[in-house]
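Each chain gets a letter, A, B and so on, in the order its sequence line appears, and its residues count up from 1.
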Protein chains: 2
Amino acid sequence: MPGKASKPSIKNEFTAFKTNRIVEVASHLFYERGYSSCTLDHVAERLGVTKPFLYSYFKNKEAILAAICEVGISESLSVLERTLAGEHADHRALLAEVVRQVGRIVIDRQEYVVVYQREMKHLSAKDHERILRLRHSFDHQIAELIREGVEAGEFREDTDSFVAVWIGGLISWIPTWYSPQGQKSAEDVIDQLVDAAMRLAGAE
Amino acid sequence: MPGKASKPSIKNEFTAFKTNRIVEVASHLFYERGYSSCTLDHVAERLGVTKPFLYSYFKNKEAILAAICEVGISESLSVLERTLAGEHADHRALLAEVVRQVGRIVIDRQEYVVVYQREMKHLSAKDHERILRLRHSFDHQIAELIREGVEAGEFREDTDSFVAVWIGGLISWIPTWYSPQGQKSAEDVIDQLVDAAMRLAGAE
DNA sequence: ATTCCCATCTACTGACCAGTAGTTTTTTTC
DNA sequence: GAAAAAAACTACTGGTCAGTAGATGGGAAT
């Protein structure tokens with residue numbers, strides 16, 4: 001089961017690897033078929049194992065979903081915090097960099113993000129609340145960045161810090177239409193995303 | 001079953017009314033529990049009827065979902081087309097009005113829109129394609145409006161007509177966070193939406 | 001080589017649910 | 001108000017699936 005800190009050993013690495021593979025495959029199948037319509041037998045089959053195998057790594061189906069949702073939001077949050085902690089010329093540059101980094105994560109982790117958004121309601125109350133807190137922290141930190149930028153005179157003064165929610169929406173919206181097989185490359189999409197976010201912030 | 005044109009009569013009105021109630025209640029429950037986890041017995045119970053009742057108005061569960069998805073997109077599309085057909089001072093005013101009208105529909109029909117976005121993949125290939133065509137028509141008409149506005153010099157000249165997708169994203173994003181019980185009124189949200197769309201178009 | 005242990009599997013259960021067959025109740029028609 | 005038609009119901013089926021009990025088999029320890 002995930003969530004336990006244990007000293008590193010070859011054994012724990014094996015376990016972590018298998019846990020990770022389960023989450024990967026489950027994410028892909030939940031993305032394709034939806035959480036409720038995807039059976040654990042499907043997941044096991046795709047992994048070349050059987051259902052009880054899954055139950056020695058996760059307590060139940062919902063725990064797998066929780067692990068997926070956690071990837072969906074927590075990687076974005078940690079790259080946000082890492083970027084905010086770094087050095088930047090001004091708020092404009094910082095916002096652009098934050099949006100670029102998070103956009104990249106969201107594109108890389110497309111399926112996790114979509115599953116997280118679509119299926120969060122199937123989490124237990126406890127998991128649901130924990131994930132929601134991460135999301136709010138994300139929105140809150142972007143709102144703070146906007147507020148400071150307006151104060152510094154770098155964004156249009158009539159910019160409400162609520163645009164943080166709109167920017168979050170822009171980012172979250174990508175995985176519902178972007179496809180790696182499409183005409184637009186990931187880099188194009190990210191460039192356009194950054195441009196759109198700067199316009200919303202009134203930073204041009 | 002919906003989709004049949006028939007001459008109006010008191011009888012057909014009854015039928016239409018009941019069909020409509022089914023869609024309303026199903027939409028609400030699919031929104032709350034998700035399509036796959038919501039049983040037709042749930043829907044019937046909430047309506048105070050039994051499951052076979054539903055089957056005399058819809059062919060199967062998926063047909064109910066298709067009706068919900070159709071409401072989710074086609075009302076937005078028809079208000080878009082109605083607005084585009086009207087008189088407007090310039091492209092700026094037209095875009096603002098379009099976004100305002102569609103935003104209002106999306107807020108009014110929140111649950112339908114969310115179900116449509118989340119559950120579309122459970123539609124039959126035929127229904128799926130039909131709904132997708134409506135969506136593309138929507139995006140295409142907004143893209144056209146942007147292109148004309150840029151040409152007329154009313155929007156920033158470096159505005160790609162692809163911002164239509166971002167604006168569509170802004171609109172579609174609302175129902176995932178807006179709540180009628182929240183602090184922000186529907187009118188506030190719509191005003192901010194319009195402002196955000198104008199910024200994306202470079203129209204200020 | 002024998003024992004133990006751990007990972008994984010086979011085989012099952014109990015609950016649930018979409019969809020249906022055939023019956024009852026209500027409404028319409030004459 | 002009786003007969004026919006329509007609407008809705010009761011009761012069921014066949015299939016599916018999360019979760020589990022107990023078997024199996026292969027590697028490590030002695």
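At whole-Å resolution of the value, CG in B:L40 and C1' in C:dG19 are 9 Å apart. Between B:K61 atom NZ and C:dG19 atom P there is a gap of 8 Å when expressed in whole angstrom units. The separation between A:Y55 atom OH and D:dG19 atom P is 4 Å, rounded to whole Å. Atom C1' of nucleotide C:dT28 and atom CZ of B:F14 are separated by 13 Å, given to the nearest angstrom. Atoms NE2 (A:H122) and P (D:dA18) sit 12 Å apart, rounded to a whole Å. Regarding A:R33, its CZ atom lies at a distance of 13 Å from the P atom of D:dT16, rounded to whole Å. Atom pair B:D41:CG and C:dA18:P shows a separation of 7 Å (rounding to whole Å applied). Taking atom CG of A:L65 as the reference point, atom C1' of D:dA18 lies 15 Å away to the nearest angstrom.
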Could you run down the sub-3.5 Å N/O contacts of the protein with nucleotides 9-12 of chain D?
residue	atom	partner	partner atom	Å
D:dC9	OP2	B:T50	N	3.1
D:dC9	OP2	B:T50	OG1	2.8
D:dC9	O5'	B:T50	OG1	3.4

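In this structure, A:W173 has its ring center at least 6.0 angstrom away from the ring center of A:W166. No close placement of the A:Y112 and A:Y116 rings is indicated, their centers lying 6.0 Å or farther apart.
A:Y31 carries A:R118 over the face of its six-membered ring, with the cationic atom under 6.0 Å from the centre and within 45° of the normal. Under a cutoff of 6.0 Å and an axis angle of 45°, A:K61 and A:Y35 form a cation-pi pair.
Along DNA chain D, the nucleotide nearest to A:C38 and the one nearest to B:K18 differ in position, and the one closer to the 5' end is contacted by B:K18.
Checking the phosphate oxygens (OP1, OP2) of D:dA7, no side-chain nitrogen or oxygen of B:Y57 falls inside 4.0 Å.
A:T39 is linked by a side chain to side chain donor-acceptor pair (under 3.5 Å) to A:H42, counting only residues two or more places apart in sequence or in another chain. Applying the side chain to side chain donor-acceptor pair (under 3.5 Å) criterion to A:Q110, with sequence neighbours excluded, gives no partner residue.
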